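Keep in mind that what you see is a predicted model, and the values were worked out from it rather than measured. Proteins get letters first, then strands, A, B, ... in listed order; numbering begins at 1 in each.
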Number of protein chains: 2
Amino acid sequence: MATETEENYIKAIFKITEKNQGTANTNAVAQHLNTSPASVTDMLKRLSEKEYFHYEKYKGVYLTTKGIKLATNLVRKHRLWEVFLVDKLKFQWDEVHDIAEQLEHVDSDELITRLDTFLGNPKYDPHGDPIPNADGKFTLRSQTSLMNLQKGETGIVVGVRNHDTPFLQYLNKICVNLGTKISVVNNIDFDHSKEVSIDDENRVILSQKACVNIYVKKTND
Amino acid sequence: MATETEENYIKAIFKITEKNQGTANTNAVAQHLNTSPASVTDMLKRLSEKEYFHYEKYKGVYLTTKGIKLATNLVRKHRLWEVFLVDKLKFQWDEVHDIAEQLEHVDSDELITRLDTFLGNPKYDPHGDPIPNADGKFTLRSQTSLMNLQKGETGIVVGVRNHDTPFLQYLNKICVNLGTKISVVNNIDFDHSKEVSIDDENRVILSQKACVNIYVKKTND
DNA sequence: TCACATTTTTAGACTAATCTAAATTATAAT
DNA sequence: ATTATAATTTAGATTAGTCTAAAAATGTGA
Ligand SMILES: [Mn+2]
Ligand SMILES: [Mn+2]
Ligand SMILES: [Mn+2]
Ligand SMILES: [Mn+2]
């Protein structure tokens, strides 16, 4: 069994390689885990001996099948716990990450199987991120950034790109959540911000940065 | 914040001092935590510096107010999680201890407050053990060992003394659970076993050892 | 291609938690 | 009171995980 620290390294590598064409380098891992590059080098050597990933000096790492399996399962556990915290315990979506970060390391397959059933086998977490099934398969979804919606077009919010508390709290304040309907009223070319209508009720100006971080599914209405 | 290891030491000391007139000695702690006495001595020195308990060489330890508070909160968390596992996830009462042993270390007061509410502020866990409230107060209950019931007397099962899996599974098999009604049909003096009636349905012989480990609340029926 | 900046690794040290073996202290039994 | 036994502590070592400072490798831009 991997220690909690080892699990966090492997998950970090998984997250980084997801974006960064398949490999994770030392500094990226260090930044992600808030440790020193020296500590990371040390750990990469030890963990690659346990066959979680391939490591070549100065070249970074990439996960093995074993490593991907472990990382995917961690993501599954993390997201299921987030669903529990929001759906059952009524936490806000900006409050659950740190707690799930701990809960994901609890070791019991039976627990996760039962939790999944208890929650009704959810496919997405409170941030709209897909929950892999027990075999590690993600349910993908067609989505686009709010940035890509033209004037007059409408979408339903299905996810967020940025998960930071201030951003999520800002969305709370302007009543944007998963399922919220957003229509683009005007594109403001000057700074690429958008005037949008939220659930046909409020009018708000969203900055380019905000738009980029909101995922929607286009609708014909 | 105390590490998981530190928390386990403090909880062990709490459990031991509960039975053993207020003090815990090195070997008892070692046995409880499955470590060597040498490791325990080392830890006792370090933890007593953090004021969780008083330690005097060769004399054992006893908890400070700070230590009792921490231990009680761990017990609270452990038992609330056990309620969750049995009531919500439908685990059997013999399957939950090890999982709760991990969950109890998740650090979030808000989580426990909400969990407590979600579970309906239970006063007892799936083994009948009292759950301390947020201030560390236990709700006590009048109870007696099944051993003390005379021929013809009846009681409702409210708890178990022994928590080991084989014992709990044995009780499952003979349909004894919290809330089960047990009447003493006959005392067998020879080996101090009892012939009992379970929920007015099954007749079973319970050994002295079994009887000692079942707590009941006497009824007048 | 050479110099300079960036990235990564190495060297050496530290803390937490553990172990075994040996020494010490306490306790109980003659 | 002496001796044997049991409990406890000390000594010395190990592993996981971390750090800082210094050295080495890599990459870039003139
Ligand atoms: Mn984590
Ligand atoms: Mn999430
Ligand atoms: Mn524990
Ligand atoms: Mn219990």
Side-chain angles (χ1 to χ4, degrees), chain A residues 1-13 15-17 19-63 67 70-71 74 101-102 104-105 107, chain B residues 1-13 15-17 19-63 67 70-71 74 101-102 104-105 107:
Chain A
M1 241 275 296
T3 66
E4 186 163 331
T5 305
E6 290 175 340
E7 290 191 338
N8 283 333
Y9 269 88
I10 291 155
K11 203 178 65 155
I13 291 165
K15 297 256 176 195
I16 292 162
T17 50
K19 320 225 150 166
N20 201 42
Q21 46 277 322
T23 106
N25 55 24
T26 305
N27 271 0
V29 176
Q31 199 181 341
H32 207 280
L33 294 174
N34 241 314
T35 53
S36 71
S39 302
V40 172
T41 299
D42 210 78
M43 202 65 169
L44 294 186
K45 281 194 233 162
R46 278 189 290 129
L47 277 185
S48 64
E49 265 162 37
K50 297 190 183 176
E51 315 263 72
Y52 289 114
F53 44 73
H54 298 284
Y55 168 58
E56 216 179 321
K57 261 192 185 182
Y58 297 101
K59 298 261 175 87
V61 296
Y62 62 93
L63 294 174
L70 197 156
L74 280 169
E101 206 59 45
Q102 298 179 64
E104 72 188 7
H105 300 290
D107 176 39
Chain B
M1 242 274 297
T3 66
E4 186 164 330
T5 306
E6 289 175 342
E7 289 190 340
N8 283 333
Y9 269 89
I10 291 155
K11 204 178 63 157
I13 291 166
K15 297 255 174 196
I16 293 163
T17 49
K19 320 226 151 165
N20 201 42
Q21 48 277 323
T23 106
N25 55 23
T26 305
N27 271 359
V29 176
Q31 198 181 342
H32 207 279
L33 294 175
N34 240 312
T35 53
S36 70
S39 303
V40 172
T41 299
D42 210 77
M43 201 66 168
L44 294 186
K45 281 195 234 160
R46 278 189 292 130
L47 276 185
S48 65
E49 264 162 37
K50 297 190 183 178
E51 316 262 71
Y52 289 113
F53 46 72
H54 299 284
Y55 168 58
E56 218 179 323
K57 261 191 186 186
Y58 297 101
K59 299 261 173 85
V61 297
Y62 62 93
L63 294 174
L70 197 155
L74 280 169
E101 206 58 45
Q102 298 180 61
E104 73 188 6
H105 300 290
D107 176 39

Student check: side-chain heavy atoms of A/I13 and A/L63 closer than 4.5 Å
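With C-beta onward as the side chain, the pair touches.
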Does the side chain of B/I16 reach to within under 4.5 Å of the side chain of B/V29, using non-hydrogen atoms?
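Counting from C-beta outward, B/I16 and B/V29 do come under 4.5 Å.
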Can you see which heavy atom on B/A71 is nearest to which on B/K11, and at what distance?
CB-CA, 4.5 Å
Can you give me the closest heavy-atom contact between B/D107 and A/Q102, atom names plus distance?
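Result for this residue pair: N-OE1, 2.7 Å.
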Not counting sequence neighbours, list each pair that qualifies as a side chain to side chain donor-acceptor pair (under 3.5 Å) and has a residue in residues 25-39 of chain B.
B/S36-B/S39
Start and end of chain A contact along DNA chain D [non-hydrogen atoms, under 4.0 Å]:
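So the contact region on DNA chain D extends D/dA16 to D/dT26.
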Side-chain polar contacts of residues 46-62 of chain B - donor-acceptor pairs under 3.5 angstrom, sequence neighbours left out - could you list them?
| unit_1 | atom_1 | unit_2 | atom_2 | d |
| --- | --- | --- | --- | --- |
| B/S48 | OG | B/L44 | O | 3.0 |
| B/S48 | OG | B/K45 | O | 3.0 |
| B/K50 | NZ | B/E6 | OE2 | 2.7 |

According to salt bridge (Lys or Arg N to Asp or Glu O under 4.0 Å), does anything in residues 22-40 of chain B pair up with another residue at least two apart or in another chain? List the pairs.
none
For nucleotides 4-17 of chain C, give me one character per nucleotide, 5' to 3': B if any protein heavy atom sits under 4.0 Å from the base, S if the only such contacts are to the sugar-phosphate, - if neither.
---SSBB-----SB
